[in-house]
Enquirer: 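Provided herewith is a single structure, encoded as structure tokens, for subsequent inquiry.
Numbers here simply count residues along the sequence, with the first being 1. Everything quoted here is computed from the prediction, not taken from an experiment.
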Amino acid sequence: MHKVAGLTPRYPLLLVDDEDSWLQSFRATLRSQGIDNVVLLNDGTKVMEVLGRNKFCAVAVDLMMPGISGEELIPQIVEEHPELPVLVISGLNDIKAVVNCIRKGAFDFIVKTEERNTLIAGVRHAIEIFELRQENSSLQQSFFMDGPDRPELFSEIITAHKDMYSIFKYIEAIAETSRPVLITGESGVGKELIARAVHKASGRKGEFVAVNVAGLDDNIFSDTLFGHKKGAFTGAAEARIGLVEKAKKGTLFLDEIGDLSQTSQTKLLRLLQEHEFMPLGSDMAKRSSARIITATHQSINGMQEHGKFRKDLFFRLRGHMLCIPPLRERMEDIPLLLSHFLNEVQAEVGVDVEADVHEIARFLANYSFPGNIRELQHLVHDAAGICGYKGLMAKHFKKLLVVPLESSSSGFNTALEESVTFGTRLPTLHELRSKLFDEALRRTKGNQSSAAQLIGVTRQAVSKYLKKNEYD
Ligand SMILES: Nc1ncnc2c1ncn2[C@@H]1O[C@H](COP(=O)(O)OP(=O)(O)OP(=O)(O)O)[C@@H](O)[C@H]1O
């Protein structure tokens, strides 16, 4: 039987029918599909009162009820609770009634005699629409404001960059949905910190459980995620619960998802589609209520184009997508991060480290940070050690950089290393300009922001140059 995609909704579904036996049996069907917060009401005349008192994710009303019909209720619900999808459920397949209900604002019309999975699909669709409407309205609200509504959720993420603030606002908007989140960004940009913030913002009661799936072979992947029964294989002396179960009602964070083998991808897809998993050695499927967040530093788009990553899994994972910018694109964060990591060093060694933060920040502004914030964190710890925890300056960082500095504007590089020589024919300005752009892009391995910094133009100028020359 087809299973419901999407987890238990945050707000309950209101089922209204004067027939108690139908209410009970429909609730049991929904429960078997993981939708277990359903409120039953056998009196149609009380619907508006109940809706006024509590928040719901959708309403399913019977068409024919004593006192008030489903058709009469629709316009009242639509007017007072426009965010709520209204499903009409009827014993009759009456096309005229269907048309009337849809015209009055019903979201869908379901016939009781239809297969149970058609009914469930209707409910599932209504819940998804409700979540999307909620998300849309919080996004609209949040874009009129500067910072996040609840800055405490992001207190561990040090930043003053506007793109990061937009990400925070987006996280607040999607916090309550249960759809998967895919976080992309270079290594060390803070993807795990962001995943933790999504979990915090969601208010989910369960734990945040993180696992790096890179390098796990298929058997270890299954055992780690799904667990096993005692005696499932030689050496399985005790039963082990998997991380999916550990993260129940919480969040399961799978890092380095781009490294998953094809077999493990298929297993993960099944978990996302059916919300079920099977511990090794067991023939009973268990239900999962964990929200899945994944992260990668690789281009999943590119990987799926080359057949290395399943397209269907990619579409499931990217219920919401967050792209975290590299540190070189948010250089204004460097002084803040420097102070933050200096506090970290002080807490660790127990001495106050004197440092010229502005001088160091000016120096590092020309560095490309291939390892992003993690690299800056290590640099601060190492450089503080080198200077014996006093008088920390830019020169202490100089020898620790893993790639050369990209420009001489900081004053730490000597003059131009290579001189420009001209042949008998002077190049045109146009030719010289192209050469300069090409060289900057070559030196920065195609990074537009760093290339722009190197030759003192804006990133937009580099991007325009690339477009014009169809540079790839
Ligand atoms: N904005 C930030 N403020 C403070 N610390 C940060 C920030 N971003 C990252 N860090 C720190 O940098 C280190 C790396 O962060 P994190 O592990 O979240 O990165 P990642 O993108 O998940 O890395 P990887 O791709 O290697 O898994 C951590 O110690 C984290 O606490």
Enquirer: In chain order, what residues pass the ring-ring contact (aromatic ring centres under 6.0 Å, His included) check against His297, with sequence neighbours excluded?
Expert: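 Counting only residues at least two positions away or on another chain, His297 forms no ring-ring contact (aromatic ring centres under 6.0 Å, His included).
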
Enquirer: For Phe369 and Tyr367, take the angle between the two ring planes, folded into 0 to 90°, and tell me which bin it lands in: parallel under 30, tilted 30 to 60, perpendicular over 60.
Expert: perpendicular

Enquirer: Under 3.5 Å, is there a donor-acceptor pair between the Thr177 and Arg291 side chains?
Expert: yes

Enquirer: Using 30° and 60° as the class boundaries, would you call the ring planes of Phe154 and Phe168 parallel, tilted or perpendicular?
Expert: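 Correct class here is parallel.
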
Enquirer: What pairs with Ser264 under side chain to side chain donor-acceptor pair (under 3.5 Å), at least two apart in sequence or on another chain?
Expert: Asp218, Ser261

Enquirer: Would Thr266 and Arg310 count as having a side-chain donor-acceptor pair, cut-off 3.5 Å?
Expert: yes

Enquirer: Over 60° means perpendicular and under 30° means parallel, so classify the ring planes of Tyr465 and Phe437, tilted if in between.
Expert: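 Rings of Phe437 and Tyr465: parallel, under 30°.
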
Enquirer: With sequence neighbours left out, which residue pairs that include part of residues 252-273 fulfil the salt bridge (Lys or Arg N to Asp or Glu O under 4.0 Å) condition?
Expert: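 Every pair satisfying salt bridge (Lys or Arg N to Asp or Glu O under 4.0 Å) with a residue in residues 252-273: Arg270-Glu274.
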
Enquirer: Please determine, by modelled atom types, if His381 and Glu344 share a side-chain donor-acceptor pair under 3.5 angstrom.
Expert: yes

Enquirer: Parallel, tilted or perpendicular for Phe226 and Phe277, by the 30°/60° rule?
Expert: parallel

Enquirer: Take Glu245 and Lys286 through the salt bridge (Lys or Arg N to Asp or Glu O under 4.0 Å) test and state the conclusion after the steps.
Expert: CA-CA 9 Å; Glu245 200 165 345; Lys286 288 190 168 184; 3.0 Å; yes

Enquirer: Any donor-acceptor pair under 3.5 Å linking the side chain of Glu172 with the backbone of Asp149?
Expert: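 Yes; at least one donor-acceptor contact below 3.5 Å.
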
Enquirer: Salt bridge check: are Arg287 and Asp36 linked by an N-O gap of less than 4.0 Å?
Expert: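 So Arg287 does not pair with Asp36 through a salt bridge.
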
